[in-house]
Amino acid sequence: MLNLRFIQENPELVIEKLKKKNFDAAGIVGQIIDLYKKKNEIQAKADQVKAEMNKLSKEIGQLFREGKQAEANAAKERTTELKDTIKQLDDSFATIDEQVFELQVQLPNLPADLVPAGRTPEDNVTVKSGGELPTLGADKLPHWELAGKYNLIDFELGVKLTGAGFPVYKGKGAKLQRALINFFLNEAEKAGYLEIQPPLMVNEDSGFGTGQLPDKEGQMYHVTEDNLYLIPTAEVPVTNLYRDVIVEAKDLPVKNTAYSACFRREAGSYGKDVRGLNRLHQFDKVEIVQIAHPDNSYAILEEMVAHVESLVQKLGLPYRILRLCGGDMSFTSALTYDFEVYSAAQEKWLEVSSVSNFESFQANRLKLRYRDEQTKKPVIAHTLNGSALALPRIVAALLENNQTPEGIRVPEVLVPFCGFDLIN
RNA sequence: GGAGAGAUGGCAGAGUGGUCGAAUGCGGCGGUCUUGAAAACCGUUGAUCUUCACGGGUCCGGGGGUUCGAAUCCCUCUCUCUCCGCCA
């Protein structure tokens, strides 16, 4: 959520920057400025009348204490009109306040200057790539067939239990999941992140805080009986840990990591994109989250990207890092790097991580602040997060890229965690 | 699920209609003393909106109401605790 004052003071800047996200903000910004002005006028008036009322009330109290009943009662009559005025002003203030808010939440975050212009994934910029593309024989199999051949993942059983997109992992398939989760958590811990085990359901306030609500209402599973949402990512609970919190500047950056199952309705997805592990309704992910001082949030973004890069390197996967263009970025992000790994049998790049700086956009909603060391005043912090990493597509690429006639080779770094180096 | 109690500043905790944004203690910050530290003592210490500023407004779990005036009374929701029931 953009700051109202900022919008009011920099309307042209907001409109200009949002063009890069292919968002025409002119109308909304204009309305916000008009309403904001009106809102302030009403508040000024209301404050004035309330001040008068407070003064009068004190006088009446004084008169009663002095036993001047008649004068007190006379003064009471004068308050009637003030009360009405206050009620009216408060009502119109509330109405306008709500209108402003509704417009305010429609504005996406401003893209950073680094963000390339563009509309579609084709316009994303590859900033780096690494690893060797494997050359597989003609008998190469896609991961869903490998998963069946080696009895690692049963998609049909998942359909029986729940539905499409809820796979059942078995044997070495299940162990590989556990190994990856442990490996990722260990790496995060080594990089200074505190491990968190968060709830998998959150309330509405949390959904709003990180920007899933009201924007992506339909993408989350909603438990209506208790009005709770299944988390689409650990980002939601882990970032909301700091909702309504003022952090001491010396405690920045705050670095948290969490493994969680993630639940996504993925309404609107179809076809070959959802084959096998490519797109699931439930999947496992280790997330890293940082709360940063605004002065160095971009340095921290680079640090997080480097951390994720180290993971795909250690797993020996060919990867590329993309800087997302304005049109492909999320609503809440200011700058996002996507990681893709190459899935050699499908012969396509799969997104396995998204690392973003949200600047103050989430923190504004969360009221997440730090106390400035000089002024001692609370200032809105910056939040960042990234997948480190999401499992399913990593598994897809590992299975496909490492297939050999003898079986599937397990990356060395995972062997201590899963206890085998070959799936056969 | 049933019965009862409760929700106040970073924490603990007072406050049952006016002078209460709120006593007191702890914690934090600054200082005195000290070679330094501790102890002791003194001072200071919530957030937010608005205004160039002075100032003014709002906030005692959320929402609504009564009243000239609400932390305090009423209604409602949420949450927490205790006991009972159920249970991984």
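Just so we're on the same page: letters track the sequence lines, and every chain starts at 1. These numbers come from the heavy atoms of this one structure, side chains and all, not from hydrogens, waters or symmetry mates.
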J.: Return the value, rounded to whole Å, for the distance between atom CG of A:Asp244 and atom P of B:G61.
T.: 15 Å
J.: Does B:G18 have OP1 or OP2 sitting under 4.0 Å from an N or O in the side chain of A:Asn54?
T.: no
J.: Phosphate oxygens OP1/OP2 of B:U50: is one of them under 4.0 Å from a side-chain N or O of A:Tyr36?
T.: yes
J.: Please give, in whole Å, the distance from B:G10 C1' to A:Lys250 NZ?
T.: 12 Å
J.: Provide the distance between the two C1' atoms, one in B:G4 and one in B:G56, to the nearest whole Å.
T.: 45 Å
J.: Between A:Lys38 and A:Glu41, does any side-chain N to carboxylate O distance fall below 4.0 Å?
T.: no
J.: Of all the choices, B:G57, B:C68, B:U50, which nucleotide is nearest to the side chain of A:Asn40 once you look at every atom?
T.: B:U50
J.: Is A:Ile60 touching bases, backbone alone, or none of the nucleic acid, heavy atoms closer than 4.0 Å?
T.: base
J.: Using the P atom as the reference point in each nucleotide, state the distance between B:G30 and B:C83 in Å, no decimals.
T.: 45 Å
J.: Name the pairing partner of B:A71, where a pair is Watson-Crick or G-U wobble with both distances under 3.5 Å, or state none.
T.: none
J.: Work out how far the P atom of B:U19 is from that of B:C41, and round it to whole angstrom.
T.: 32 Å
J.: Can you tell which of B:U58, B:G56, B:U48 lies closest to the side chain of A:Asp47?
T.: B:G56
J.: Let's test this: given Watson-Crick or G-U wobble pairing with both distances under 3.5 Å, identify the partner of B:A22.
T.: none
J.: Out of B:G56, B:A47, B:C68, which nucleotide sits closest to the side chain of A:Phe64?
T.: B:C68
J.: Where the side chain of A:Gln43 is defined as all heavy atoms beyond and including C-beta, which of B:A47, B:U50, B:C68 is the nearest nucleotide?
T.: B:U50
J.: Would you confirm whether A:Thr257, through its side chain, and A:Glu287, through its main-chain N or O, come within 3.5 Å as a donor-acceptor pair?
T.: yes
J.: NA contact type, A:Thr79, heavy-atom cut-off 4.0 Å: base, sugar-phosphate, or nothing?
T.: sugar-phosphate
J.: Within the structure, does a side-chain N or O atom of A:Arg5 lie under 4.0 Å from either OP1 or OP2 of B:U50?
T.: yes
J.: Between B:G18, B:G56, B:U48, which one does the side chain of A:Pro378 approach most closely?
T.: B:U48
J.: Below the 4.0 Å mark, does B:G69 have OP1 or OP2 next to a side-chain nitrogen or oxygen of A:Lys55?
T.: no
J.: Looking only at the side chain of A:Lys87 (C-beta and beyond, no hydrogens), which of the listed nucleotides B:U58, B:G69, B:G65 gets closest?
T.: B:G65
J.: Specify the separation, in whole Å, of atom CD of A:Gln8 and atom P of B:C49.
T.: 13 Å
J.: Please report, rounded to the nearest Å, how far the C1' atom of B:U48 is from the CG atom of A:Asn364.
T.: 13 Å
J.: Calculate the interatomic distance between A:Leu56 atom CG and B:G69 atom P; express it in whole Å.
T.: 10 Å
J.: Now, which nucleotide makes the Watson-Crick or G-U wobble pair with B:A53, with each of the two distances under 3.5 Å?
T.: none
J.: Which base sits across from B:G30 as a Watson-Crick or G-U pair, both distances under 3.5 Å?
T.: B:C42
J.: When rounded to the nearest Å, what value does the distance between C1' atoms of B:C52 and B:A39 take?
T.: 48 Å
J.: Does B:G6 pair with anything, Watson-Crick or G-U wobble, both distances under 3.5 Å, and if so, with which nucleotide?
T.: B:C79
J.: Using both distances under 3.5 Å as the test, list the Watson-Crick or G-U wobble partner of B:U66, or none.
T.: none
J.: If I pick the C1' atom on B:G25 and the same atom on B:G65, what distance separates them, to the nearest angstrom?
T.: 36 Å
J.: Is any side-chain N or O of A:Arg371 closer than 4.0 Å to OP1 or OP2 of B:A47?
T.: yes
J.: Between A:Gln48 and A:Asn3, which residue's closest nucleotide on RNA chain B lies nearer the 5′ terminus?
T.: A:Asn3
J.: Using the rule side chain to side chain contact (heavy atoms under 4.5 Å, CB included), only one of A:Val355, A:Ile394, A:Leu317 pairs with A:Phe339; which is it?
T.: A:Val355
J.: What's the CD-C1' distance between A:Glu373 and B:C29, to the nearest Å?
T.: 13 Å
J.: More 5' along RNA chain B: A:Ser57 or A:Lys83, using each one's nearest nucleotide?
T.: A:Ser57
J.: How far does the C1' atom of B:G6 sit from the matching atom of B:G15, given to the nearest Å?
T.: 16 Å
J.: For A:Ala75, report the nucleic acid contact type (base, sugar-phosphate, nothing); a contact means any heavy atom under 4.0 Å.
T.: nothing
J.: Taking B:A7 as the reference, what is the distance to B:A40 when you measure between their C1' atoms (whole Å, please)?
T.: 37 Å
J.: Considering only NZ, NE, NH1 and NH2 on the basic side and carboxylate oxygens on the acidic side, decide whether A:Glu52 and A:Lys55 come within less than 4.0 Å.
T.: no
J.: Using atom CD of A:Glu248 as one end and atom C1' of B:G27 as the other, report the distance to the nearest whole Å.
T.: 12 Å
J.: If we take the C1' atom in both B:G1 and B:C59, what is their distance in whole Å?
T.: 36 Å
J.: If only atom types and distance count, is the side chain of A:Arg393 paired as donor or acceptor with the main-chain N or O of A:Glu351 below 3.5 Å?
T.: yes
J.: Any strand is fair game: report the nucleotide pairing with B:A14 by Watson-Crick or G-U wobble, both distances under 3.5 Å, or none.
T.: none
J.: Quick one: does A:Asp284's side chain have a donor or acceptor within less than 3.5 Å of a partner on A:Leu391's backbone?
T.: no
J.: Report the C-alpha separation of A:Lys250 and A:Glu248 in whole Å, then their side-chain angles, then the decisive distance to 0.1 Å, and conclude whether the salt bridge (charged side-chain N to carboxylate O under 4.0 Å, His left out) test is met.
T.: CA-CA 5 Å; A:Lys250 66 175 167 53; A:Glu248 292 305 323; 6.0 Å; no
J.: Please assess A:Met220 against A:Val236 for the test side-chain contact (heavy atoms from CB on, under 4.5 Å), listing each intermediate value before the final yes or no.
T.: CA-CA 12 Å; A:Met220 287 191 290; A:Val236 178; 5.7 Å; no
J.: Between P on B:G62 and CG on A:Asn203, what's the gap in Å once rounded to a whole number?
T.: 16 Å
